[in-house]
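Input: a single structure, listed below in structure tokens.
Letters A, B, ... mirror the listed sequences (proteins, then strands); counts begin at 1.
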2 protein chains.
Amino acid sequence: MKRLLERIDREILAAGGKRSRSRAVVIEGFFRARDHVTIDELTRSVRESAPGIGAVTVYRTLKLLERLGYAKELDFGEGARRYESNLSPHHDHLVCRRCGTVIEFEDREIENLQVLVTRRHGFHPTAHRLEIYGFCRKCASGDSPERFR
Amino acid sequence: MKRLLERIDREILAAGGKRSRSRAVVIEGFFRARDHVTIDELTRSVRESAPGIGAVTVYRTLKLLERLGYAKELDFGEGARRYESNLSPHHDHLVCRRCGTVIEFEDREIENLQVLVTRRHGFHPTAHRLEIYGFCRKCASGDSPERFR
DNA sequence: TATTATTATGATAATGAATTTCATAATCAT
DNA sequence: ATGATTATGAAATTCATTATCATAATAATA
Ligand SMILES: [Zn+2]
Ligand SMILES: [Zn+2]
Ligand SMILES: [Zn+2]
Ligand SMILES: [Zn+2]
């Protein structure tokens with residue numbers, strides 16, 4: 001974690017940016033948070049230890065992390081975007097519509113078939129999003145959900 | 001088309017709704033329009049023949065069509081949603097980031113693999129979205145785009 | 001260290017899509 | 001026709017996100 005933060009710091013400096021306490025707090029908070037957080041969730045969490053931090057700084061910092069390749073923007077159709085760290089390899093998502101649980105999966109076969117599809121249409125892919133919505137095991141079985149989103 | 005409009009009319013009546021001229025114009029305009037339209041695009045198009053129609057009515061009518069199963073809401077991450085008629089079988093989308101062209105495709109193999117993935121996680125799928133973003137043949141080859149979005 | 005230039009912050013305002021409100025109009029059943 | 005109900009459209013509201021801007025923090029320079 002320390003190494004990561006230092007590396008990001010160096011990249012920001014190299015790009016003409018300056019160090020800032022607020023930003024450091026947000027970045028550390030982001031990597032500590034559970035993945036797939038909204039700006040609002042992250043802002044609240046970060047404010048517990050640093051109450052002065054404005055939501056705008058959280059917005060800006062996540063955009064910055066995205067530009068640097070450390071964060072990915074997600075949209076599960078909830079109105080607000082979510083962000084996840086971009087350190088682990090590519091994956092897609094199963095999203096529970098009841099409790100909000102997000103399960104990550106990776107399927108090489110699906111990825112390969114996507115490439116074939118684009119090839120058939122002379123299309124040059126740069127990114128894709130695959131989300132499967134429904135109910136997780138718990139919610140489908142009738143157990144009460146742990147939380148709502 | 002006439003048959004379709006009458007069928008929808010009957011379903012609206014059966015559900016306790018009433019006929020309305022504005023709504024009929026919007027519905028017909030929607031099915032005539034090229035697919036994947038935004039509310040704004042559809043509103044403009046519909047207003048050419050019926051200038052008085054409010055954008056709110058277009059919003060409401062598309063939500064209604066969606067509830068009745070005749071329209072699908074799409075989101076290509078452009079800020080505004082798009083809608084397509086839900087008469088043709090399920091398909092997914094290739095979206096050109098340069099000219100906005102949308103290519104529809106259907107791949108049974110990918111669909112099957114998705115089911116297997118959810119099964120592995122005890123997840124009960126109800127819907128999914130798969131979009132591949134990139135550049136269409138024309139845009140990738142350097143030809144000038146036909147239109148921007 | 002003092003000075004200067006540049007970048008970052010955070011409160012507030014602005015934006016824009018989507019929804020809600022509400023008075024009026026249209027439609028349907030009696 | 002009458003009354004009840006639903007639909008309309010203008011305007012207001014909501015909400016996430018972005019822009020503005022005066023101030024603060026940081027880094028480079030003297
Ligand atoms: Zn669940
Ligand atoms: Zn993820
Ligand atoms: Zn194109
Ligand atoms: Zn389509």
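We find that CG of A:D75 is positioned 16 Å from P of C:dA17, with the value rounded to whole Å. Atom CD of B:E78 and atom C1' of C:dT15 are 18 Å apart (whole Å). B:L74 places its CG atom 16 Å from the C1' atom of C:dA18, with the value rounded to the nearest Å. One atom, CG of B:L62, and another, C1' of D:dA7, lie 16 Å apart when rounded to the nearest Å. Going from atom CD1 of A:I12 over to atom P of D:dA27 covers 11 Å, rounded to whole Å. B:I8 has its CD1 atom 15 Å from the P atom of D:dA7, to the nearest Å. Note: CD1 (A:I53) to P (C:dA11) measures 11 Å, nearest angstrom.
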>> Evaluate A:H90 against A:E106 for side chain to side chain donor-acceptor pair (under 3.5 Å), listing each step before the verdict.
In response: CA-CA 7 Å; A:H90 170 75; A:E106 204 252 343; over 6 Å; no
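Without hydrogens or angle criteria, A:E6 side chain to A:R3 main chain gives no donor-acceptor distance under 3.5 Å. Here the side chain of A:D92 pairs no donor or acceptor atom with the backbone of A:F105 at under 3.5 angstrom.
Listed by chain and number, the residues in a ring-ring contact (aromatic ring centres under 6.0 Å, His included) with B:H121 amount to none (sequence neighbours excluded). A:R120 is linked by a side-chain contact (heavy atoms from CB on, under 4.5 Å) to A:L116, A:V117, B:D107, counting only residues two or more places apart in sequence or in another chain. With sequence neighbours left out, B:H93 forms a side-chain contact (heavy atoms from CB on, under 4.5 Å) with B:H36, B:L74, B:F76, B:E84, B:H91, B:V95, B:V102, B:E104, B:E131.
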> Reading nucleotides 11-23 of chain D 5' to 3', which nucleotides get B (base under 4.0 Å from a protein heavy atom), which S (sugar-phosphate only), which -?
Replying inline: B----SBBBB---
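Residues of residues 19-32 of chain B that place a heavy atom closer than 4.0 Å to DNA chain D, in numerical order, are B:S20, B:S22, B:R23.
Taken together through direct or relayed side-chain contacts under 4.5 Å among Ile, Leu, Val, Met, Phe, Trp and Tyr, B:V115 and B:F123 form parts of separate hydrophobic clusters.
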Please tabulate, for the side chains in residues 54-67 of chain B, all donor-acceptor contacts under 3.5 angstrom to protein atoms that are two or more places apart in sequence or on a different chain.
residue : atom : partner : partner atom : Å
B:T61   : OG1  : B:T57   : O            : 2.7
B:K63   : NZ   : B:E73   : OE2          : 2.8

